[in-house]
Number of protein chains: 2
Amino acid sequence: MPTDATLPARARAGDELRQAALEQFATVGFAATSLQQIADHAGYSKSSVLYHYTSKEALLEAAVTPAIDQLEVLVAEFAEGRRSDAARGAFIGRFVDLLLGERLAVHLFVSQGHSLRGIPAIERGNAAIRVLADAICTGASLAEQMRFGVALAGATYALVAGATFFDDDEMTQLVTSYSDDDVRVALIDVLTELLIPAAGR
Amino acid sequence: MPTDATLPARARAGDELRQAALEQFATVGFAATSLQQIADHAGYSKSSVLYHYTSKEALLEAAVTPAIDQLEVLVAEFAEGRRSDAARGAFIGRFVDLLLGERLAVHLFVSQGHSLRGIPAIERGNAAIRVLADAICTGASLAEQMRFGVALAGATYALVAGATFFDDDEMTQLVTSYSDDDVRVALIDVLTELLIPAAGR
DNA sequence: ACAGAGTCTGACCGATCGGTCAGCTACCGT
DNA sequence: ACGGTAGCTGACCGATCGGTCAGACTCTGT
């Protein structure tokens, strides 16, 4: 009985396992997540996990690669383009979209990026962050750097920590009473205010 | 040969182990850190770690308790006091001091607080954060909530992630070219601007 | 009807984990 | 001079980890 309409079994199992792994890695942590837990959450056996992915690390790579790819192109475009207000505005919008669209992967990367060195996809993400920081810091005062750091880190972690602290708790109704679109607009407003001083709304 | 002037051996070993554990837990992660690693970094054996602390969890608890205690009193004072501009300003200053004085513990708590549920000290910290969020969110618009979330999370993570990404890298000279005092005032400026709109500097 | 590939699993492996325990050493009060 | 205790350690334990492997089941092409 196919869950989806005659979806190729191979791809379906791979996706289910990747999604389960992403959730566990992001919420429990890579080191603290066992292949058995991932298998249980996805409804397979541990052996099946290792049939579809050659190792635990390979599974992590598959889980975060899409988000890292997006981050890379986003940062590359921002770094090469001039830091005009328009470019910054476009960057902010796409950055927020990335955050909202890849919450789990972002959380995973942000909070465990340091301890997961050696995994190629994570290394690519770290490199992208360094490029971004470099583009920001060159020729900027400490105050400007701080604004950018607080803005990007704040946006990232406000979403991620919000999910972390409140999603499984009794306060869910507060967070979920707003749609992603509402959050998106509010977030973009705050970031714009922080990063484009001229654009006072 | 006493490293310090006739310091009681008990307290000294306990401190060294606690410090080594805090560093490892914060940078590598609690689950990914073994008692053997902690022992190696502190220059003791694994058995000694378990002689001074009854379990790995007890060691974590000892490592984060001071920071959590500070956070608790800080949040309690802010929550009961009125949210006047002056109260906010005082809170910002003390919050930044806590961040700078307990970087490792803050990093540990922030990035692993969710996966470490059940440890009493972590639970106390999570409760404090919820109280803080509650004090902020009641009667505030989504935009205001977002400002506060971005500000606090941003300040926290800008420091923590800065250390995470750049401390062991080649960019250290950039971060460390500023003193903690410089960072402190820059951070307070940004937070003040975000949280006390009237106080335009 | 049958051969083969694709998917999945239980049994099993060595390594490492957190934690226990008996014993070693050095120092202290008497 | 000596018994006791505090600090510390190596040897060891059961559990669990990531990973291997041989085989069972299903489905397809011929």
Side-chain angles (χ1 to χ4, degrees), chain A residues 1-22 24-25 28-64 112 115-120 122, chain B residues 1-22 24-25 28-64 108 112 115-122:
Chain A
M1 66 190 76
T3 298
D4 206 324
T6 341
L7 195 73
R10 168 106 214 183
R12 206 196 66 202
D15 285 351
E16 288 171 353
L17 289 169
R18 208 190 58 236
Q19 181 62 25
L22 183 54
Q24 294 298 304
F25 288 160
V28 183
F30 177 75
T33 299
S34 68
L35 294 177
Q36 188 65 60
Q37 294 175 35
I38 297 169
D40 291 346
H41 274 80
Y44 292 87
S45 73
K46 189 182 75 169
S47 298
S48 279
V49 179
L50 288 161
Y51 168 75
H52 289 278
Y53 299 91
T54 59
S55 70
K56 193 184 178 187
E57 280 193 14
L59 183 49
L60 171 65
E61 279 231 38
V64 299
Q112 302 174 61
S115 57
L116 293 177
R117 290 191 173 169
I119 284 89
I122 300 288
Chain B
M1 66 189 83
T3 298
D4 206 323
T6 342
L7 195 71
R10 167 105 214 187
R12 207 195 65 203
D15 285 351
E16 288 172 353
L17 289 169
R18 207 191 59 234
Q19 181 62 24
L22 183 54
Q24 293 299 304
F25 288 159
V28 182
F30 177 75
T33 300
S34 67
L35 294 177
Q36 189 65 60
Q37 292 175 36
I38 297 169
D40 290 346
H41 274 81
Y44 293 87
S45 72
K46 189 181 75 168
S47 298
S48 279
V49 179
L50 289 161
Y51 170 74
H52 287 278
Y53 299 92
T54 59
S55 71
K56 194 184 178 186
E57 279 194 15
L59 182 49
L60 170 66
E61 182 120 26
V64 298
L108 166 52
Q112 302 174 60
S115 57
L116 293 178
R117 290 192 173 168
I119 285 90
I122 300 287

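Every chain is numbered from 1, with letters handed out A, B, ... down the list of sequences.
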(message) With rounding to the nearest 0.5 angstrom, report the CG to CG distance, B:L35 to B:L50.
(response) 5.0 Å
(request) For A:Y53 and D:dG19, give me the distance from atom OH to atom P, rounded to whole Å. (result) 15 Å
(request) Let me know the distance between CZ of B:R12 and C1' of D:dC8, rounded to the nearest Å. (result) 12 Å
(request) Examine distances only and state if a side-chain atom of B:S115 and a backbone atom of A:G29 form a donor-acceptor pair shorter than 3.5 Å. (result) no
(message) Would A:L60 and A:Y53 count as a side-chain contact (heavy atoms from CB on, under 4.5 Å) here? Give the steps.
(response) CA-CA 9 Å; A:L60 171 65; A:Y53 299 91; over 6 Å; no
(message) Just N and O in the side chain of B:S48: are any of them under 4.0 Å from OP1 or OP2 of D:dT9?
(response) yes
(request) May I ask you to decide if B:F30's main-chain N or O and B:K56's side chain share a donor-acceptor pair within less than 3.5 Å? (result) yes
(request) Quickly work out the A:Y51 OH to C:dA5 P distance and round it to whole Å. (result) 12 Å
(message) Measure CG/B:L59 against C1'/C:dG19 and give the value in whole Å, please.
(response) 14 Å
(message) Using a 3.5 Å distance criterion without hydrogens, assess whether the side chain of B:Q112 forms a donor-acceptor pair with backbone atoms of B:F25.
(response) yes
(message) Does C:dC8 have its OP1 or OP2 closer than 4.0 Å to a side-chain nitrogen or oxygen of A:H52?
(response) yes
Under 3.5 Å, which N/O atoms of the protein pair with N/O atoms of nucleotides 15-18 of chain D?
| unit_1 | atom_1 | unit_2 | atom_2 | d |
| --- | --- | --- | --- | --- |
| D:dG18 | OP1 | A:T33 | O | 3.3 |
| D:dG18 | OP1 | A:K56 | NZ | 2.8 |
| D:dG18 | OP2 | A:L35 | N | 2.9 |
| D:dG18 | N7 | A:K46 | NZ | 3.2 |

(message) In this structure, how many angstroms lie between the C1' atom of C:dC8 and the CD atom of A:E16, rounded?
(response) 13 Å
(request) Please check the phosphate of C:dT9 (OP1 and OP2 only) for any side-chain N or O of A:S45 closer than 4.0 Å. (result) yes
(request) Using a strict 4.0 Å threshold on nitrogen-to-oxygen distance, state whether A:D15 and A:R12 make a salt bridge. (result) no
